[in-house]
Amino acid sequence: MSNHISPERSVGIRVATAMFQMGIEGLPRNYELVYEAYSGQNSDLTKEFVAIGKVKSQQALDELGRRYLPHHHEDTVLSKTSDHMRHQMASFIDLLEEEKDSLNDYGKIIDQASRSISVDGEIDRETLVKSIQQLSAATEQQTSKSEAMAAEAQQQAQSLESVKSEIENFERMKFVDQLTGLANRRSFNKAIAKIYANPELPMMCGLGFAEIDGFKSLIASGESGNSDAVSGDHFIRHVGKLLHDVNKNGEFVARLDKDRFAFLVNSADESEIMRVIDAFRAGVASRPLISQKNGRSLGNATLSVGVAMSALANSPAQIMDFAEKAMSMSSKSGGNRATLYSDKAPAGASRDWMIYRP
(Lines give C-alpha, C1' and ligand atoms only; values in the text may rest on other atoms or scores of the structure.)
Protein backbone atom coordinates (compact mmCIF):
# COMPACT_ATOMS: atom_id res chain seq x y z
CA MET A 1 0.00 0.00 0.00
CA SER A 2 1.30 3.43 -0.95
CA ASN A 3 2.13 5.87 1.88
CA HIS A 4 1.82 8.84 -0.46
CA ILE A 5 -0.18 11.70 1.03
CA SER A 6 -1.86 14.05 -1.42
CA PRO A 7 -1.05 17.79 -1.15
CA GLU A 8 -4.65 18.50 -0.16
CA ARG A 9 -4.55 15.97 2.67
CA SER A 10 -1.14 17.27 3.75
CA VAL A 11 -2.52 20.80 4.07
CA GLY A 12 -5.52 19.39 5.94
CA ILE A 13 -3.26 17.68 8.47
CA ARG A 14 -1.23 20.87 8.97
CA VAL A 15 -4.39 22.91 9.44
CA ALA A 16 -5.80 20.53 12.05
CA THR A 17 -2.46 20.49 13.90
CA ALA A 18 -2.14 24.27 13.78
CA MET A 19 -5.66 24.75 15.12
CA PHE A 20 -4.93 22.41 18.01
CA GLN A 21 -1.65 24.16 18.83
CA MET A 22 -3.26 27.62 18.72
CA GLY A 23 -6.26 26.52 20.76
CA ILE A 24 -8.70 27.37 17.97
CA GLU A 25 -12.08 25.69 18.36
CA GLY A 26 -12.81 23.07 15.70
CA LEU A 27 -15.72 24.90 14.08
CA PRO A 28 -16.27 24.50 10.32
CA ARG A 29 -15.88 28.24 9.75
CA ASN A 30 -12.61 28.24 11.73
CA TYR A 31 -11.25 25.29 9.78
CA GLU A 32 -11.90 26.91 6.40
CA LEU A 33 -10.44 30.22 7.58
CA VAL A 34 -7.23 28.55 8.77
CA TYR A 35 -7.11 26.41 5.62
CA GLU A 36 -7.37 29.51 3.42
CA ALA A 37 -4.65 31.22 5.46
CA TYR A 38 -2.27 28.24 5.22
CA SER A 39 -2.94 27.51 1.53
CA GLY A 40 -1.80 31.00 0.59
CA GLN A 41 -4.58 31.55 -1.93
CA ASN A 42 -5.15 35.06 -0.61
CA SER A 43 -2.02 36.80 0.65
CA ASP A 44 -4.02 39.58 2.35
CA LEU A 45 -5.98 37.02 4.36
CA THR A 46 -2.75 35.23 5.32
CA LYS A 47 -1.14 38.49 6.48
CA GLU A 48 -4.15 39.52 8.57
CA PHE A 49 -4.42 36.03 10.06
CA VAL A 50 -0.79 36.19 11.19
CA ALA A 51 -1.26 39.77 12.45
CA ILE A 52 -3.93 38.64 14.91
CA GLY A 53 -1.11 37.21 17.03
CA LYS A 54 -0.45 33.86 18.65
CA VAL A 55 -3.62 33.96 20.73
CA LYS A 56 -6.49 34.18 18.27
CA SER A 57 -9.83 34.87 19.93
CA GLN A 58 -13.05 33.67 18.32
CA GLN A 59 -14.14 37.29 17.96
CA ALA A 60 -10.99 38.16 16.01
CA LEU A 61 -11.37 35.08 13.82
CA ASP A 62 -15.01 35.90 13.09
CA GLU A 63 -14.16 39.50 12.19
CA LEU A 64 -11.62 38.18 9.69
CA GLY A 65 -14.07 35.56 8.44
CA ARG A 66 -16.80 38.13 7.78
CA ARG A 67 -14.48 39.91 5.35
CA TYR A 68 -13.01 36.93 3.53
CA LEU A 69 -15.49 34.07 4.05
CA PRO A 70 -18.88 35.81 4.36
CA HIS A 71 -20.85 32.64 3.60
CA HIS A 72 -20.08 31.36 7.10
CA HIS A 73 -21.63 34.48 8.60
CA GLU A 74 -24.78 34.53 6.52
CA ASP A 75 -26.93 34.63 9.65
CA THR A 76 -25.40 38.01 10.56
CA VAL A 77 -26.21 39.45 7.14
CA LEU A 78 -29.72 38.01 7.17
CA SER A 79 -30.33 39.31 10.69
CA LYS A 80 -29.21 42.78 9.62
CA THR A 81 -31.42 42.60 6.53
CA SER A 82 -34.37 41.36 8.57
CA ASP A 83 -34.05 44.27 11.01
CA HIS A 84 -33.87 46.70 8.11
CA MET A 85 -36.93 45.16 6.47
CA ARG A 86 -38.93 45.36 9.72
CA HIS A 87 -38.06 49.04 10.02
CA GLN A 88 -39.02 49.67 6.39
CA MET A 89 -42.34 47.87 6.73
CA ALA A 90 -43.19 49.70 9.96
CA SER A 91 -42.42 53.03 8.29
CA PHE A 92 -44.52 52.14 5.28
CA ILE A 93 -47.48 51.09 7.46
CA ASP A 94 -47.22 54.43 9.29
CA LEU A 95 -47.34 56.20 5.93
CA LEU A 96 -50.43 54.28 4.89
CA GLU A 97 -52.17 55.09 8.20
CA GLU A 98 -51.27 58.75 7.80
CA GLU A 99 -52.64 58.74 4.24
CA LYS A 100 -55.78 57.00 5.42
CA ASP A 101 -56.41 59.64 8.14
CA SER A 102 -55.69 62.43 5.66
CA LEU A 103 -58.17 61.02 3.15
CA ASN A 104 -60.81 60.67 5.88
CA ASP A 105 -60.39 64.33 6.83
CA TYR A 106 -60.54 65.35 3.19
CA GLY A 107 -63.68 63.29 2.72
CA LYS A 108 -65.35 65.04 5.66
CA ILE A 109 -64.61 68.48 4.16
CA ILE A 110 -65.98 67.41 0.78
CA ASP A 111 -69.09 66.03 2.47
CA GLN A 112 -69.61 69.22 4.47
CA ALA A 113 -69.19 71.42 1.36
CA SER A 114 -71.53 69.21 -0.60
CA ARG A 115 -74.26 69.41 2.07
CA SER A 116 -73.97 73.18 2.35
CA ILE A 117 -74.33 73.58 -1.41
CA SER A 118 -77.15 71.07 -1.85
CA VAL A 119 -79.49 72.50 0.81
CA ASP A 120 -82.94 73.57 -0.38
CA GLY A 121 -83.39 77.21 -1.10
CA GLU A 122 -81.05 79.93 -2.26
CA ILE A 123 -77.44 79.83 -1.06
CA ASP A 124 -76.01 83.12 0.09
CA ARG A 125 -72.78 84.30 -1.47
CA GLU A 126 -70.80 84.20 1.79
CA THR A 127 -71.63 80.53 2.43
CA LEU A 128 -70.75 79.58 -1.15
CA VAL A 129 -67.40 81.43 -1.06
CA LYS A 130 -66.55 79.90 2.32
CA SER A 131 -67.34 76.38 1.06
CA ILE A 132 -65.23 76.92 -2.06
CA GLN A 133 -62.31 78.26 -0.01
CA GLN A 134 -62.45 75.34 2.44
CA LEU A 135 -62.66 72.83 -0.39
CA SER A 136 -59.83 74.52 -2.31
CA ALA A 137 -57.57 74.62 0.78
CA ALA A 138 -58.36 71.00 1.64
CA THR A 139 -57.67 69.90 -1.95
CA GLU A 140 -54.36 71.76 -2.03
CA GLN A 141 -53.37 70.27 1.34
CA GLN A 142 -54.35 66.76 0.23
CA THR A 143 -52.43 67.14 -3.02
CA SER A 144 -49.35 68.22 -1.07
CA LYS A 145 -49.69 65.28 1.30
CA SER A 146 -50.17 62.86 -1.59
CA GLU A 147 -47.03 64.17 -3.29
CA ALA A 148 -45.08 63.79 -0.05
CA MET A 149 -46.51 60.30 0.32
CA ALA A 150 -45.46 59.41 -3.22
CA ALA A 151 -41.95 60.76 -2.62
CA GLU A 152 -41.65 58.82 0.62
CA ALA A 153 -42.95 55.68 -1.07
CA GLN A 154 -40.33 56.13 -3.80
CA GLN A 155 -37.60 56.37 -1.17
CA GLN A 156 -38.94 53.22 0.48
CA ALA A 157 -38.88 51.43 -2.88
CA GLN A 158 -35.27 52.50 -3.51
CA SER A 159 -34.27 51.35 -0.05
CA LEU A 160 -35.90 47.96 -0.59
CA GLU A 161 -34.16 47.67 -3.96
CA SER A 162 -30.87 48.38 -2.21
CA VAL A 163 -31.57 45.60 0.30
CA LYS A 164 -32.41 43.21 -2.55
CA SER A 165 -29.18 44.12 -4.35
CA GLU A 166 -27.17 43.60 -1.15
CA ILE A 167 -28.60 40.12 -0.65
CA GLU A 168 -28.03 39.18 -4.29
CA ASN A 169 -24.45 40.45 -4.14
CA PHE A 170 -23.82 38.56 -0.90
CA GLU A 171 -25.12 35.35 -2.47
CA ARG A 172 -23.02 35.87 -5.59
CA MET A 173 -19.81 36.61 -3.67
CA LYS A 174 -20.01 33.25 -1.89
CA PHE A 175 -19.09 31.64 -5.19
CA VAL A 176 -16.58 34.17 -6.57
CA ASP A 177 -12.80 34.10 -6.21
CA GLN A 178 -11.88 37.42 -4.63
CA LEU A 179 -8.52 37.68 -6.41
CA THR A 180 -9.63 37.08 -10.01
CA GLY A 181 -13.40 37.53 -10.10
CA LEU A 182 -13.71 34.04 -11.59
CA ALA A 183 -15.71 31.23 -9.99
CA ASN A 184 -14.09 29.82 -6.84
CA ARG A 185 -13.50 26.30 -5.52
CA ARG A 186 -16.92 26.27 -3.86
CA SER A 187 -18.60 27.09 -7.16
CA PHE A 188 -16.49 24.46 -8.93
CA ASN A 189 -17.52 21.78 -6.43
CA LYS A 190 -21.17 22.52 -7.16
CA ALA A 191 -20.62 22.48 -10.92
CA ILE A 192 -18.64 19.24 -10.96
CA ALA A 193 -21.24 17.49 -8.80
CA LYS A 194 -23.98 18.33 -11.31
CA ILE A 195 -22.22 16.35 -14.05
CA TYR A 196 -23.00 13.04 -12.36
CA ALA A 197 -26.16 14.08 -10.53
CA ASN A 198 -27.91 11.46 -12.69
CA PRO A 199 -25.44 8.54 -12.88
CA GLU A 200 -27.42 6.94 -15.68
CA LEU A 201 -27.22 10.05 -17.84
CA PRO A 202 -24.20 12.22 -17.01
CA MET A 203 -23.76 15.61 -18.63
CA MET A 204 -21.65 15.53 -21.78
CA CYS A 205 -18.76 17.85 -21.15
CA GLY A 206 -15.02 18.13 -20.76
CA LEU A 207 -13.12 19.07 -17.62
CA GLY A 208 -9.85 20.94 -17.95
CA PHE A 209 -7.32 21.45 -15.17
CA ALA A 210 -4.60 24.04 -15.76
CA GLU A 211 -1.59 25.40 -13.93
CA ILE A 212 0.60 28.36 -14.82
CA ASP A 213 3.99 27.31 -16.21
CA GLY A 214 6.96 28.66 -14.27
CA PHE A 215 4.78 30.21 -11.56
CA LYS A 216 6.73 28.91 -8.58
CA SER A 217 10.17 29.76 -10.00
CA LEU A 218 9.17 33.31 -10.95
CA ILE A 219 7.68 33.98 -7.52
CA ALA A 220 10.76 32.49 -5.84
CA SER A 221 13.07 34.75 -7.88
CA GLY A 222 11.02 37.76 -6.80
CA GLU A 223 11.27 36.75 -3.14
CA SER A 224 15.06 36.41 -3.49
CA GLY A 225 15.39 40.07 -4.46
CA ASN A 226 15.37 39.83 -8.25
CA SER A 227 14.61 43.24 -9.78
CA ASP A 228 12.03 41.62 -12.07
CA ALA A 229 9.95 40.72 -9.04
CA VAL A 230 6.25 39.98 -9.27
CA SER A 231 3.93 38.88 -6.51
CA GLY A 232 1.91 35.70 -6.76
CA ASP A 233 -1.33 37.68 -6.46
CA HIS A 234 -0.31 40.01 -9.28
CA PHE A 235 0.58 37.07 -11.53
CA ILE A 236 -2.70 35.26 -10.79
CA ARG A 237 -4.78 38.42 -11.30
CA HIS A 238 -3.05 38.89 -14.67
CA VAL A 239 -3.91 35.36 -15.83
CA GLY A 240 -7.42 35.58 -14.36
CA LYS A 241 -8.17 38.77 -16.29
CA LEU A 242 -6.95 37.27 -19.56
CA LEU A 243 -9.10 34.17 -19.01
CA HIS A 244 -12.09 36.39 -18.30
CA ASP A 245 -11.45 38.50 -21.41
CA VAL A 246 -11.15 35.53 -23.78
CA ASN A 247 -14.21 33.74 -22.39
CA LYS A 248 -16.68 35.26 -24.85
CA ASN A 249 -19.05 32.26 -24.78
CA GLY A 250 -19.43 32.17 -21.01
CA GLU A 251 -17.80 28.79 -20.36
CA PHE A 252 -17.34 27.84 -16.70
CA VAL A 253 -13.91 29.03 -15.53
CA ALA A 254 -12.77 28.76 -11.92
CA ARG A 255 -9.67 29.45 -9.92
CA LEU A 256 -9.14 26.47 -7.64
CA ASP A 257 -6.12 27.40 -5.53
CA LYS A 258 -2.82 29.20 -5.96
CA ASP A 259 -1.97 29.07 -9.69
CA ARG A 260 -4.47 26.37 -10.64
CA PHE A 261 -7.62 26.85 -12.72
CA ALA A 262 -10.44 24.68 -14.02
CA PHE A 263 -12.62 24.75 -17.13
CA LEU A 264 -15.92 23.01 -17.80
CA VAL A 265 -16.92 22.99 -21.46
CA ASN A 266 -20.33 21.63 -22.41
CA SER A 267 -19.82 19.47 -25.48
CA ALA A 268 -19.55 15.77 -26.34
CA ASP A 269 -17.05 16.57 -29.10
CA GLU A 270 -13.42 16.20 -28.03
CA SER A 271 -12.17 18.40 -30.88
CA GLU A 272 -14.56 21.20 -29.92
CA ILE A 273 -13.52 21.05 -26.28
CA MET A 274 -9.84 21.11 -27.18
CA ARG A 275 -10.50 24.06 -29.50
CA VAL A 276 -11.99 25.98 -26.57
CA ILE A 277 -9.06 24.98 -24.34
CA ASP A 278 -6.61 26.15 -27.02
CA ALA A 279 -8.48 29.49 -27.13
CA PHE A 280 -8.01 29.87 -23.37
CA ARG A 281 -4.31 29.06 -23.69
CA ALA A 282 -3.92 31.58 -26.50
CA GLY A 283 -5.75 34.21 -24.48
CA VAL A 284 -3.42 33.76 -21.50
CA ALA A 285 -0.39 34.07 -23.79
CA SER A 286 -1.75 37.15 -25.58
CA ARG A 287 -0.34 39.84 -23.28
CA PRO A 288 2.91 39.93 -21.28
CA LEU A 289 3.19 39.96 -17.51
CA ILE A 290 4.71 43.22 -16.29
CA SER A 291 7.12 43.49 -13.36
CA GLN A 292 5.69 45.47 -10.46
CA LYS A 293 9.13 46.88 -9.55
CA ASN A 294 10.54 48.14 -12.82
CA GLY A 295 7.68 47.89 -15.30
CA ARG A 296 9.58 45.55 -17.60
CA SER A 297 7.93 42.72 -19.50
CA LEU A 298 8.50 39.29 -17.98
CA GLY A 299 7.15 37.49 -21.01
CA ASN A 300 3.82 35.92 -21.74
CA ALA A 301 2.28 33.37 -19.38
CA THR A 302 1.55 29.86 -20.60
CA LEU A 303 -0.56 27.02 -19.24
CA SER A 304 -0.14 23.29 -18.83
CA VAL A 305 -3.59 21.81 -19.30
CA GLY A 306 -5.08 18.37 -18.80
CA VAL A 307 -8.51 17.52 -20.20
CA ALA A 308 -10.84 14.61 -19.46
CA MET A 309 -14.22 13.81 -20.99
CA SER A 310 -17.15 13.12 -18.67
CA ALA A 311 -18.06 10.00 -20.68
CA LEU A 312 -14.80 8.31 -19.62
CA ALA A 313 -15.51 8.70 -15.89
CA ASN A 314 -18.32 7.69 -13.59
CA SER A 315 -17.89 10.17 -10.74
CA PRO A 316 -16.56 13.67 -9.99
CA ALA A 317 -13.53 12.15 -8.23
CA GLN A 318 -12.65 10.03 -11.25
CA ILE A 319 -12.92 12.75 -13.88
CA MET A 320 -10.83 15.07 -11.69
CA ASP A 321 -8.22 12.32 -11.32
CA PHE A 322 -8.09 11.84 -15.10
CA ALA A 323 -7.73 15.58 -15.74
CA GLU A 324 -5.06 15.83 -13.03
CA LYS A 325 -2.99 13.06 -14.64
CA ALA A 326 -3.28 14.64 -18.07
CA MET A 327 -2.25 18.04 -16.68
CA SER A 328 0.76 16.47 -14.97
CA MET A 329 1.84 15.00 -18.31
CA SER A 330 1.59 18.42 -19.98
CA SER A 331 3.75 19.95 -17.26
CA LYS A 332 6.36 17.17 -17.32
CA SER A 333 6.59 17.41 -21.12
CA GLY A 334 7.72 21.02 -20.99
CA GLY A 335 4.50 22.92 -20.42
CA ASN A 336 2.61 25.23 -22.74
CA ARG A 337 0.47 22.42 -24.08
CA ALA A 338 -2.77 20.54 -23.56
CA THR A 339 -3.08 16.82 -22.95
CA LEU A 340 -6.27 14.88 -23.53
CA TYR A 341 -7.00 11.87 -21.35
CA SER A 342 -8.09 9.48 -24.09
CA ASP A 343 -7.18 6.32 -25.97
CA LYS A 344 -7.47 7.92 -29.39
CA ALA A 345 -6.50 11.17 -31.06
CA PRO A 346 -9.45 13.40 -31.95
CA ALA A 347 -9.78 14.38 -35.58
CA GLY A 348 -8.09 17.66 -36.41
CA ALA A 349 -5.88 17.66 -33.30
CA SER A 350 -3.36 20.48 -33.25
CA ARG A 351 0.35 19.69 -33.17
CA ASP A 352 0.86 20.49 -29.51
CA TRP A 353 -1.88 18.21 -28.27
CA MET A 354 -0.83 15.08 -26.50
CA ILE A 355 -2.77 12.00 -25.54
CA TYR A 356 -2.59 10.48 -22.10
CA ARG A 357 -3.29 6.79 -22.53
CA PRO A 358 -4.41 5.16 -19.28
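Along the sequence shown, the residues carry numbers beginning at 1.
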(request) Would you check, one step at a time, whether the test side-chain contact (heavy atoms from CB on, under 4.5 Å) holds for Val176 with Leu182? (result) CA-CA 6 Å; Val176 173; Leu182 300 172; over 6 Å; no
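- A donor-acceptor pair is defined here as one N or O able to donate and one able to accept, closer than 3.5 Å; no such pair exists between the side chain of Ser328 and the backbone of Lys325.
- When side chains are defined from C-beta on, Leu61 counts as touching Phe49, because their heavy atoms get closer than 4.5 Å.
- Rounding to the nearest 0.5 Å gives a distance of 8.5 Å between OG of Ser342 and CE of Met309.
- The nearest pair of heavy atoms linking Val284 to Leu242 is O-CD1, 3.2 Å.
- Distance alone, capped at 3.5 Å, places no donor-acceptor pair between the Tyr196 side chain and the Leu201 backbone.
- Taking the side chain as every heavy atom from C-beta outward, Leu179 and Asp233 approach each other to under 4.5 Å.
- For the residue pair Asp177 / Thr180, a side-chain donor-acceptor distance below 3.5 Å is found, with atom types taken as modelled.
- Rounded to the nearest 0.5 Å, atoms CZ (Phe252) and SG (Cys205) are 11.0 Å apart.
- A distance of 10.5 Å separates CG in Leu298 from CG in Asn300, rounded to the nearest 0.5 Å.
- Residue pairs satisfying the side chain to side chain donor-acceptor pair (under 3.5 Å) criterion with at least one member in residues 234-247, sequence neighbours excluded, are listed as follows: Lys241-Asp245, Asp245-Arg287.
- Ile277 CD1 to Arg337 CZ: the interatomic distance, rounded to the nearest 0.5 Å, is 16.0 Å.
- With hydrogens and angles disregarded, no donor-acceptor distance shorter than 3.5 Å links the side chain of Glu25 to the backbone of Gly23.
- Interatomic distance, Leu207 CG to Ile195 CD1, rounded to the nearest 0.5 Å: 6.5 Å.
- Between Arg260 and Glu324 there is a salt bridge, since a side-chain N of the basic residue sits under 4.0 Å from a carboxylate O of the acidic one.
- No side-chain heavy atom of Ile290 sits less than 4.5 Å from a side-chain heavy atom of Arg296.
- Between Phe280 and Val253, the closest side-chain pair of non-hydrogen atoms falls below 4.5 Å.
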(request) Determine, step by step, whether Lys216 and Asp259 satisfy the side-chain contact (heavy atoms from CB on, under 4.5 Å) criterion, reporting the C-alpha distance in whole Å, the side-chain angles of both residues, the deciding distance to 0.1 Å, and the verdict. (result) CA-CA 9 Å; Lys216 295 179 179 63; Asp259 64 323; 4.2 Å; yes
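- Considering CE of Met204 and CG of Asn266, their distance stands at 10.5 Å, rounded to 0.5 Å.
- Using a distance-only test at 3.5 Å, with no hydrogens or angles considered, a donor-acceptor pair links the side chain of Thr46 to the main chain of Ala37.
- The pair Arg281-Asp278 counts as a salt bridge, with a side-chain nitrogen and a carboxylate oxygen less than 4.0 angstrom apart.
- Smallest separation of non-hydrogen atoms from Ala279 and Val246: O-CG2, 3.6 Å.
- The side chain to side chain donor-acceptor pair (under 3.5 Å) analysis of residues 197-215, with sequence neighbours excluded, yields the pairs Glu211-Ser331, Asp213-Thr302, Asp213-Ser304.
- Looking only at distances, a side-chain donor or acceptor of Asp269 sits under 3.5 Å from a matching main-chain atom of Ser271.
- Distance alone, capped at 3.5 Å, places no donor-acceptor pair between the Ser267 side chain and the Ile273 backbone.
- Residue pairs meeting the side chain to side chain donor-acceptor pair (under 3.5 Å) criterion with at least one member in residues 49-58, sequence neighbours excluded, are Asn30-Gln58, Gln58-Asp62.
- By the 6.0 Å and 45° rule, Lys258 does not stack over the aromatic ring of Phe215.
- With hydrogens and angles disregarded, no donor-acceptor distance shorter than 3.5 Å links the side chain of Thr339 to the backbone of Gly306.
- Residues Phe261 and Ile236 are in side-chain contact: their nearest non-hydrogen atoms beyond the backbone lie under 4.5 Å apart.
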(request) Take Glu251 and Leu264 through the side-chain contact (heavy atoms from CB on, under 4.5 Å) test and state the conclusion after the steps. (result) CA-CA 7 Å; Glu251 306 291 355; Leu264 277 176; over 6 Å; no
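- The closest side-chain heavy-atom distance from Asn184 to Gln178 is not below 4.5 Å.
- Side-chain contact check for Leu64 versus Ile52: some heavy-atom pair is nearer than 4.5 Å.
- The side-chain heavy atoms of Phe235 and Leu289, taken from C-beta on, include a pair separated by under 4.5 Å.
- Nearest heavy-atom pair across Ala193 and Pro316 is CA-CG, 4.3 Å.
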(request) For Leu256 and Phe188, run side-chain contact (heavy atoms from CB on, under 4.5 Å): C-alpha distance rounded to whole Å, both residues' side-chain angles, the deciding distance at 0.1 Å, then the answer. (result) CA-CA 8 Å; Leu256 301 182; Phe188 171 76; 3.7 Å; yes
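- Taking each heavy atom of Phe175 and Lys190 in turn, the nearest pair found is CE2-CD, 3.4 Å.
- Between Tyr341 and Phe322, the ring-plane angle classifies as parallel under the 30° and 60° cut-offs.
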